[in-house]
Number of protein chains: 2
Amino acid sequence: MIKKIERRPRREESLSRERIIEASIALLDEGGEGALTFRSLSERLATGPGAIYGHIANKGDLMAAACDAIFQRTVDVGVAGDSPRDIIRAVALAMFDAMDAHPWVGSALAWNAGQLTMVRILECLGRQLRALGVPAQRHWATVSVLLNYILGVGGQNAGNAQAARAHGGTGASRDAVLGAIADAWMRLDADEYPFVRAVAAQMRAHDDRVDFLAGINLILNGLDAGYAAPPIA
Amino acid sequence: MIKKIERRPRREESLSRERIIEASIALLDEGGEGALTFRSLSERLATGPGAIYGHIANKGDLMAAACDAIFQRTVDVGVAGDSPRDIIRAVALAMFDAMDAHPWVGSALAWNAGQLTMVRILECLGRQLRALGVPAQRHWATVSVLLNYILGVGGQNAGNAQAARAHGGTGASRDAVLGAIADAWMRLDADEYPFVRAVAAQMRAHDDRVDFLAGINLILNGLDAGYAAPPIA
DNA sequence: ACCTGAACACCGTTCAAGT
DNA sequence: ACCTGAACACCGTTCAAGT
């Protein structure tokens, strides 16, 4: 008799929190926020809707865990040797890219200060601020400005992605949405809305990532001038 | 016979878009995001769920209109004679206060560039940037930084309000939530998370409105230094 | 102990039927 | 023309019943 190697059949990897989160991310990436359902999820996992509750508390918990998984490696992008400003820019861009690739993250992302990932990002950004010489009593206010800006852009991106999805496919529909807005702006009254009319062309052609980085730089530049109300213009 | 003045009975103000939006805002203020339902709304308006669709397209439209109504007067806060920076601060604070008083606005607020209110805010902020001497080719990038920051803070406030509502009433529960987070931060590993531990106390005691204004000032200060990557630290 | 899936109490939206 | 409200196709969540 041929000696069969004792390789236990290793049954179809059983239900686990990781497998649930992995499947959730796949569903969200494929179909957007509305595509994650306890029914669609349990179908993909070949189980019943109730089984999921053995591993996660509720849908909010599930969404938070999925966001956490997306941000998992975001903090490690800072290469040793870079300046504090470079590290902040790198981490911010990594967060932007993650939220750009998975737009549903932006809308589901409240502070979630309980999640360890957010704490890790906070720690990373905070250390750079310390290295930049931000005085200790302003540490909290300063990191929270950075994080609020980053998460705010993510949330707006999420809204845009949802609008683009509603108006059509994934590719050129963003241009179509932006173009329609720009056209509407051009039709506004010239006396009442001169600025919006003038800025419409820039809006139509803008690059989200470039503008995002410009905002980070603006905040970093502002650090040098401190928090006091600036001199009267 | 007494001459009755021809004052037509003016039947119980009939269903209208304004009345629907007004009732929606009341429901959202009283019970948060989950309290607005076509059933709860139609009950309050003493009608059937279907009647509402005669005046609004769908729930997204309803939420957008409610947000719009909240921001209606936000732009008029700038008093003539104030400096551009003062006007920007005043408008930003007015938006913060509106989103603070109606936390559901923050989470429902995507760009919504179609809404006239958002265009008006854009126009107001943009004019001040022009007055501050921001070069024309940077107009769009700069207003979008301001707006993304403002809307981002609003979104985070919305998340906090929802968390506070879940954990208890309205008053001291915010302190409880913040306190619980700060306590958790204090228990983190001292070698791995020195910054987060050190900043926990500030976080516990922070004032959202003060920090928000600090962020606006940071951005305004950054304007003077331009958009180029700052010198290596 | 863990999975199953019918059942419950909702939800947004529609539409024949009324007035 | 406009309102009505039952009905439809969902949703998150629960829980007796199975294995």
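Predicted model only: the values in this text are computed from it and were never measured. All values below come from the heavy atoms of this structure, side chains included, with hydrogens, waters and symmetry mates left out. First the proteins, then the strands, lettered A, B, ... as listed; each starts at 1.
A salt bridge does not link A:Arg39 with A:Glu43: none of the charged nitrogens is closer than 4.0 Å to a carboxylate oxygen.
You'll find the side chain of B:Met118 reaches within 4.5 Å of the side chain of B:Leu151, heavy atoms only. Looking only at side-chain heavy atoms (C-beta outward), B:Leu41 and B:Leu62 come within less than 4.5 Å of each other. A 4.5 Å side-chain heavy-atom check between A:Arg19 and A:Leu45 finds at least one atom pair inside the cut-off. Contact annotation: the side chain of B:Phe212 approaches that of B:Ile150 to within less than 4.5 Å [non-hydrogen atoms, C-beta and beyond]. Residues B:Leu28 and B:Val105 form no side-chain contact, since every pair of their non-hydrogen atoms from C-beta on lies 4.5 Å or further apart. Side-chain contact between B:Gln162 and B:Trp104 is absent, with no heavy atoms from C-beta onward closer than 4.5 Å. Residues A:Phe195 and B:Leu125 fail the side-chain proximity criterion, which asks for heavy atoms closer than 4.5 Å.
Annotation: proximity of residues 37-45 of chain B to DNA chain C (heavy atom, distance under 4.0 Å) is found for B:Thr37, B:Phe38, B:Arg39, numbered in ascending order. Interface residues of residues 46-69 of chain A facing DNA chain C, ordered by number: A:Thr47, A:Gly48, A:Pro49, A:Gly50, A:Ala51, A:His55; criterion, heavy-atom separation under 4.0 Å.
The line from CG of A:Leu188 to CG of B:Leu116 is 7.0 Å long, rounded to the nearest 0.5 Å. With values rounded to the nearest 0.5 angstrom, B:Ile216 atom CD1 is found 5.5 Å from B:Leu146 atom CG.
As a whole-Å value, the separation of B:Glu33 CD from D:dG12 C1' is 17 Å.
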Interface polar pairs with nucleotides 16-19 of chain C, N/O, under 3.5 angstrom:
none

Taking Watson-Crick and G-U wobble contacts under 3.5 angstrom, with | marking pairs to another strand and [ ] crossing pairs, the secondary structure of DNA chain C is written ||.|||||...|||||.||

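Every residue meeting the ring pair (Phe, Tyr, Trp, His ring centres under 6.0 Å) condition with A:Phe38, not counting sequence neighbours, appears here in chain and number order: A:Tyr53. Residues passing the ring pair (Phe, Tyr, Trp, His ring centres under 6.0 Å) test with A:His206 are B:Trp140, sequence neighbours excluded.
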